[in-house]
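Keep in mind that the numbers below use all heavy atoms, side chains included, and drop hydrogens, waters and symmetry copies. All residue numbers in this chain count up from 1 along the given sequence. Keep in mind the model is a prediction, meaning the values are calculated, not measured.
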Amino acid sequence: MNRKIWTAILGLTLGLLLLAGCNKKENTNEEQGTGSASEAKPAAASAPIDPATAATISGTVTFAGAAPKPVKIDMSQDPACKGNNQAETLVADGGKLANVYVYVKEGLGDRTFDAPKDAVELNQEGCRYHPHVLGVMVGQKIEIKNDDPTTHNIHPTPANNREWNESQPPKAPALEKDFGREEVMLPVKCNQHPWMKMYVNVSKSPFYAITGADGKFEIKGLPPGTYTLAFVQEKLGEQTQQVTLAAKDSKTVDQAFKQ
């Protein structure tokens, strides 16, 4: 084979190698996302709720059968404790069930909600927590006060949030706390007074309520849709109902518990 043929073969081989190298470089740039078309896009914000179409759910939670007699609490270990000494584990007056946490468990999809700037108050008076069941949004401040002439020791024991344990002497400044994750019936106790117990419910949305002594609740501002509504009581557990709301709807959803 003469010199001209070898020169042609060598030139063709070098050309093929250069072409392969260029193709590899282009593919690598695409994989690494160097082009503007492959840049990450920000997550879409939740669609705002139109107040003109917002709906309301209200109702009454009842207790079927004879309610158990309130259990008396022995507070004699601390002479400073002189409050109402009846347990609040199950409060049912005239068949109406208090302290039931009612919230939208399913149906909101990927909507997100900002925590309110206003704090929710939790007070200690008469060596009891007020309220016994509290609702708060993720990240919302809880202002904890001590109106008793004795030291309390506030100790949440969560399953999904950070546990803490802090003393609060009489007339001490209020404590400000919050919880970063959703959690239902998060227990709170006082290490100084073992009968002192309450529950914090941490929600990702503002769509929740707690029944009063009359068993009633109301949840406003819901967008039209189909929802699972959960009713949770510390002793009796959880029950659910499904409800479909049209624009401007106002529906009554009652729920009965029994032992």
### Task
For the pair Asp254 (side chain) and Thr60 (backbone), establish whether a donor and an acceptor sit closer than 3.5 Å, ignoring hydrogens and angles.
yes
### Task
For the pair Asn146 (side chain) and Thr150 (backbone), establish whether a donor and an acceptor sit closer than 3.5 Å, ignoring hydrogens and angles.
yes
### Query
With a cut-off of 6.0 Å (strictly less than), are more than 12 heavy atoms of other residues, nucleotides or ligands near CG of Asp93?
no
### Task
State plainly whether the residues Lys141 and Asp178 are in salt-bridge range, i.e. N to O under 4.0 Å.
yes
### Message
For a 4.5 angstrom cut-off between non-hydrogen side-chain atoms, does Thr240 reach Glu106?
### Response
no
### Summary
Output for pair (Leu108 CG, Leu222 CG), nearest 0.5 Å, gives 6.5 Å
### Query
Any side-chain heavy-atom pair from Gln140 and Val120 closer than 4.5 angstrom?
yes
### Minimum heavy-atom distance between Gln168 and Ala172, given as atom pair plus value
CG-CB, 4.0 Å
### Task
Measure the acute angle between the ring planes of His132 and Tyr199, then classify it against the limits of 30° and 60° as parallel, tilted or perpendicular.
perpendicular
### Message
Run His130 and Met198 through side chain to side chain contact (heavy atoms under 4.5 Å, CB included) and show every step you take.
### Response
CA-CA 8 Å; His130 304 274; Met198 63 86 59; over 6 Å; no
### Task
Mark yes when over 12 heavy atoms from residues, nucleotides or ligands other than Asp50 sit less than 6.0 Å from its CG; otherwise mark no.
yes
### Query
Between Lys189 and Thr157, what is the shortest heavy-atom contact and its length?
CE-CG2, 4.1 Å
### Query
Distance from Asn161 atom CG to Glu182 atom CD, nearest 0.5 Å?
10.0 Å
### Message
It should be assessed whether the SG atoms of Cys127 and Cys81 lie less than 2.5 angstrom apart.
### Response
yes
### Message
Could you measure the distance from the CD1 atom of Ile154 to the CH2 atom of Trp164? Nearest 0.5 Å is fine.
### Response
5.5 Å
### Query
Going from OH on Tyr227 to CG on Leu245, what distance comes out if it is rounded to the nearest 0.5 angstrom?
6.5 Å
### Task
Let me see the working for Lys177 and Ile144 under side chain to side chain contact (heavy atoms under 4.5 Å, CB included), right down to the final yes or no.
CA-CA 8 Å; Lys177 302 290 182 180; Ile144 305 169; 4.1 Å; yes
### Task
Could you tell me the separation between the NZ atom of Lys248 and the OG1 atom of Thr53, rounded to the nearest 0.5 Å?
8.5 Å
### Message
Between Ser205 and Tyr103, is there a side-chain heavy-atom distance shorter than 4.5 Å?
### Response
no
### Task
For the residue pair Phe179 and Val138, establish whether any side-chain heavy-atom pair is separated by less than 4.5 Å.
no
#### Entry: Shortest non-hydrogen contact between Pro149 and Pro170, atoms and distance
C-CG, 3.6 Å
### Message
With side chain to side chain contact (heavy atoms under 4.5 Å, CB included) as the criterion, how do Thr226 and Val243 come out once you've worked through the C-alpha distance, each side chain's angles and the decisive distance to 0.1 Å?
### Response
CA-CA 6 Å; Thr226 297; Val243 57; over 6 Å; no
#### Entry: Verify same cluster id: Val91, Leu97 (apolar side-chain graph, 4.5 Å)
no
### Message
Determine whether a donor-acceptor pair (N or O, by modelled atom type, separation under 3.5 Å) exists between the side chain of Asp148 and the backbone of Gly126.
### Response
yes
#### Entry: From Leu90, Asn99, Thr211, residue fulfilling side chain to side chain contact (heavy atoms under 4.5 Å, CB included) relative to Gln233
Leu90
### Task
Examine distances only and state if a side-chain atom of Asn191 and a backbone atom of Asn153 form a donor-acceptor pair shorter than 3.5 Å.
no
### Task
Specify the closest pair of heavy atoms between Ala213 and Lys96, including all atoms of both residues, with the distance to one decimal.
O-CB, 3.8 Å
### Message
What I'd like to find out is whether the side chain of Trp195 reaches to under 4.5 Å of the side chain of Gln77, using heavy atoms alone.
### Response
yes
### Query
Sub-3.5 Å donor-acceptor pair from the side chain of Glu143 to the main-chain atoms of Asn123, do we have one?
no
### Task
Indicate yes or no for a side-chain donor-acceptor contact from Arg128 to the backbone of Gln86 under 3.5 Å, with no hydrogens or angles considered.
yes
### Query
What are the two closest heavy atoms between Gln239 and Phe257, and how far apart are they?
NE2-CD2, 3.4 Å
## Note on the structure
Nearest heavy-atom contact between Ile49 and Pro223 is CD1-CD, 3.7 Å
### Steps toward salt bridge (Lys or Arg N to Asp or Glu O under 4.0 Å) verdict (Glu125, Lys145)
CA-CA 9 Å; Glu125 185 177 9; Lys145 297 180 178 180; over 6 Å; no
### Query
Less than 4.5 Å apart, any side-chain heavy atom of Glu163 and any of Pro158?
yes
### Message
Between Leu236 and Gln259, is the side chain to side chain contact (heavy atoms under 4.5 Å, CB included) condition met? List the steps.
### Response
CA-CA 7 Å; Leu236 304 175; Gln259 281 187 313; 3.6 Å; yes
### Message
Under 4.5 Å between side-chain heavy atoms, counting indirect links through other Ile/Leu/Val/Met/Phe/Trp/Tyr residues: same cluster for Val71 and Met196 or not?
### Response
no
### Query
For the side chain of Asp249 and the backbone of Lys251, is there at least one donor-acceptor N/O pair under 3.5 Å apart?
no
### Message
Working to the nearest 0.5 angstrom, can you tell me the gap between Leu122 CG and Leu175 CG?
### Response
10.0 Å
### Task
Could you tell me whether Lys197 and Glu88 have a side-chain N and a carboxylate O separated by less than 4.0 Å?
no
### Message
Tell me if a side-chain donor or acceptor on Tyr101 pairs with a main-chain N or O of Val200 at a distance below 3.5 Å.
### Response
no
### Query
Quick one: are the ring centres of Phe231 and Phe217 less than 6.0 Å apart?
yes
### Message
Taking atom NZ as the centre, does Lys204 end up with more than 12 heavy-atom neighbours from other residues, nucleotides or ligands that are less than 6.0 angstrom away?
### Response
no
### Message
I'd like to check His193 versus Asp78 (side-chain heavy atoms, cut-off strictly below 4.5 Å). Are they in contact?
### Response
yes
#### Entry: Donor-acceptor under 3.5 Å (Glu183 side chain, Ala159 main chain)
yes
### Query
Heavy-atom distance under 4.5 Å between the side chains of Val232 and Val100, does that happen here?
no
